[in-house]
Amino acid sequence: MAERRIVEITDFDAPELDVYARLSERELLRYDEPLSGLFIAESPKVVCRALDAGYAPVSLLLERRHIEGEARELLARCGSVPVYTAELDVLTRLVGFQLTRGVLCAMRRRPEPDPAEVCAAARRLVVIEDVMNPTNVGAIFRSAAALGMDGVLLTRASADPLYRRAVRVSMGNVFALPWTHVDVGWTELLRAQGFRTAAMALSEDAVSLRDPALRAEPRLAVVLGTEGDGLAPRTIAACDYTVRIPMSRGVDSLNVAAASAVAFWELGNRGE
């Protein structure tokens, strides 16, 4: 078993703490170019899910009491990577927020798969178009994993699924599904892969989410748009279906994360 490298934090300006204290999400993404960059996973459960998915740890930052407590099993899995530690109040001052379960882990990103690879084994896909809120992206991933979706495609303007908040809100389920980014022309890519596309949008000619034709599609991609404006008109026009969730009491729409859960429940592979 590799020997633990426990390092007591005595200097907030130590360069090895930059990844936790001073680098933005975008700077972490470009941390070791041309390699794939880093991301931060938060809480023992989420870090373990990342390890299960094959992501490699670079270092850990954790509350001292967790070394022989909640994070003991996690540390055993991380080998000899450095473990920076202090009391919770010191860690909170260092990183600028309250740590979930007192654990952060800097992990190495992996190259994203080709979109055709994500499509290959899927029957139900999610397309996230320009959803810029990491909380919503994380919630969409959690619902997609729970409710039978097989993979996720994201446009470049969407929040990165490996942003700390997206990973945390997803409860680590960003590691449970294959995902990748797509460029302009993704509707043609899906069509070439045998998918029909369902744009979730408010429109007078939209079909109900309960339309049996949707569930009958052998391969279907559910397309979700940005929080404010929804899907771009060109995206709606390029999709095979425009779909709306039946509403009551005069409510016209749901938050994109809530709408995704409803759509995935109705259209996902639920294993019934």
Side-chain angles (χ1 to χ4, degrees), residues 1-32 35-110 132-142 145 159-176 255 257:
M1 180 181 294
E3 184 178 351
R4 293 178 185 170
R5 296 170 56 193
I6 307 297
V7 181
E8 186 74 22
I9 295 172
T10 58
D11 179 9
F12 276 18
D13 295 326
E16 58 268 24
L17 299 177
D18 285 350
V19 295
Y20 300 106
R22 286 171 286 279
L23 298 185
S24 68
E25 303 270 17
R26 290 186 178 276
E27 288 170 327
L28 286 171
L29 177 60
R30 296 174 173 82
Y31 182 75
D32 54 359
L35 300 179
S36 299
L38 303 179
F39 68 95
I40 302 297
E42 182 178 2
S43 87
K45 179 182 289 187
V46 168
V47 176
C48 283
R49 286 181 173 171
L51 294 172
D52 291 343
Y55 289 88
V58 173
S59 67
L60 291 112
L61 182 80
L62 57 84
E63 191 179 351
R64 186 182 293 111
R65 68 188 178 94
H66 290 320
I67 294 174
E68 297 298 335
E70 192 169 354
R72 185 174 182 176
E73 179 182 345
L74 168 61
L75 292 177
R77 297 185 61 185
C78 289
S80 61
V81 303
V83 179
Y84 304 105
T85 187
E87 297 298 332
L88 182 59
D89 63 327
V90 175
L91 298 182
T92 301
R93 284 189 285 123
L94 173 69
V95 302
F97 57 86
Q98 188 79 29
L99 277 69
T100 302
R101 300 282 186 179
V103 176
L104 295 177
C105 183
M107 309 194 81
R108 193 164 300 284
R109 288 173 176 260
R110 299 186 308 188
M132 293 172 280
N133 185 317
T135 297
N136 282 335
V137 169
I140 291 169
F141 266 85
R142 187 173 183 179
D160 194 304
L162 295 185
Y163 281 177
R164 180 185 63 86
R165 185 176 294 276
V167 173
R168 180 173 64 80
V169 170
S170 81
M171 289 297 294
N173 283 298
V174 294
F175 310 120
N255 164 273

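Computation of the quantities below employed the complete heavy-atom set of this structure, encompassing side-chain atoms and omitting hydrogens, waters and symmetry-equivalent molecules. We're numbering straight along the sequence, starting at 1. All values reported here derive from a predicted model rather than from experimental measurement.
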Check Val174 against Ala166 and note the closest heavy-atom contact, atom names and distance. CG1-O, 4.3 Å

Does any part of the side chain of Asp160, heavy atoms only, come nearer than 4.5 Å to the side chain of Leu29, both counted from C-beta? yes

Ring pair (Phe, Tyr, Trp, His ring centres under 6.0 Å): pairs with one or both residues in residues 39-72, sequence neighbours excluded: Phe39-Tyr55, Phe39-Phe175, Tyr55-Phe175

How far apart are the closest heavy atoms of Val58 and Pro82, and which atoms are they? O-CD, 3.6 Å

How close do Ser80 and Arg5 get, heavy atom to heavy atom, and via which atoms? O-CD, 2.7 Å

Leu38 backbone acceptor or donor facing Arg109 side chain under 3.5 Å: yes

Which donor-acceptor pairs under 3.5 Å do side chains of residues 67-78 form with protein atoms, sequence neighbours excluded?
{"from": "Glu68", "atom 1": "OE2", "to": "Arg4", "atom 2": "NH1", "distance (Å)": "2.9"}
{"from": "Arg77", "atom 1": "NH1", "to": "Asp52", "atom 2": "OD1", "distance (Å)": "3.1"}
{"from": "Arg77", "atom 1": "NH2", "to": "Asp52", "atom 2": "OD1", "distance (Å)": "2.8"}

Let me see the working for Glu42 and Phe97 under side chain to side chain contact (heavy atoms under 4.5 Å, CB included), right down to the final yes or no. CA-CA 12 Å; Glu42 182 178 2; Phe97 57 86; 4.0 Å; yes

Just wondering, do Phe141 and Met171 contact through their side chains at under 4.5 Å, heavy atoms? no

When you measure from the side chain of Glu8 to the backbone N and O of Ala86, does any donor-acceptor pair fall under 3.5 Å? no

Below 3.5 Å, can you tabulate the donor-acceptor pairs from side chains in residues 13-21 to any protein atom, sequence neighbours excluded?
{"from": "Asp18", "atom 1": "OD1", "to": "Arg22", "atom 2": "NE", "distance (Å)": "2.6"}
{"from": "Asp18", "atom 1": "OD1", "to": "Arg22", "atom 2": "NH2", "distance (Å)": "2.8"}
{"from": "Tyr20", "atom 1": "OH", "to": "Ser59", "atom 2": "O", "distance (Å)": "2.8"}
{"from": "Tyr20", "atom 1": "OH", "to": "Ser59", "atom 2": "OG", "distance (Å)": "2.8"}
{"from": "Tyr20", "atom 1": "OH", "to": "Leu60", "atom 2": "N", "distance (Å)": "3.3"}
{"from": "Tyr20", "atom 1": "OH", "to": "Ala106", "atom 2": "N", "distance (Å)": "3.2"}

For a quick test of reading the model, state the closest non-hydrogen atom pair linking Arg164 to Glu25 and the distance between them. N-OE2, 3.0 Å

Taking all non-hydrogen atoms of both residues, which atom of Gly172 and which atom of Val46 are closest, and how far apart? N-CG2, 3.8 Å

Using side-chain heavy atoms (C-beta onward) and a distance below 4.5 Å, is Asn173 in contact with Arg49? yes

Flag side-chain contact, heavy atom, 4.5 Å: Arg110 against Ser36: no

Determine whether Glu63 and Val103 make a side-chain contact, defined as any pair of heavy atoms from C-beta on separated by less than 4.5 Å. no

Locate the shortest heavy-atom distance separating Pro161 from Val137; write the atom from each residue and the value. CA-CG1, 4.2 Å

Heavy atoms from other residues, nucleotides or ligands near CZ of Arg64 exceed 12 (cutoff 6.0 Å): yes

Non-hydrogen side-chain atoms of Val167 and Ile40 separated by less than 4.5 Å: no

Could you check if a side-chain atom of Tyr84 sits within less than 4.5 angstrom of a side-chain atom of Leu62, using non-hydrogen atoms only? no

For residues Leu61 and Thr85, determine if any side-chain heavy atom of one lies less than 4.5 Å from a side-chain heavy atom of the other. no

Would you please test Ile9 and Leu91 for side chain to side chain contact (heavy atoms under 4.5 Å, CB included) and show each step? CA-CA 9 Å; Ile9 295 172; Leu91 298 182; 3.7 Å; yes

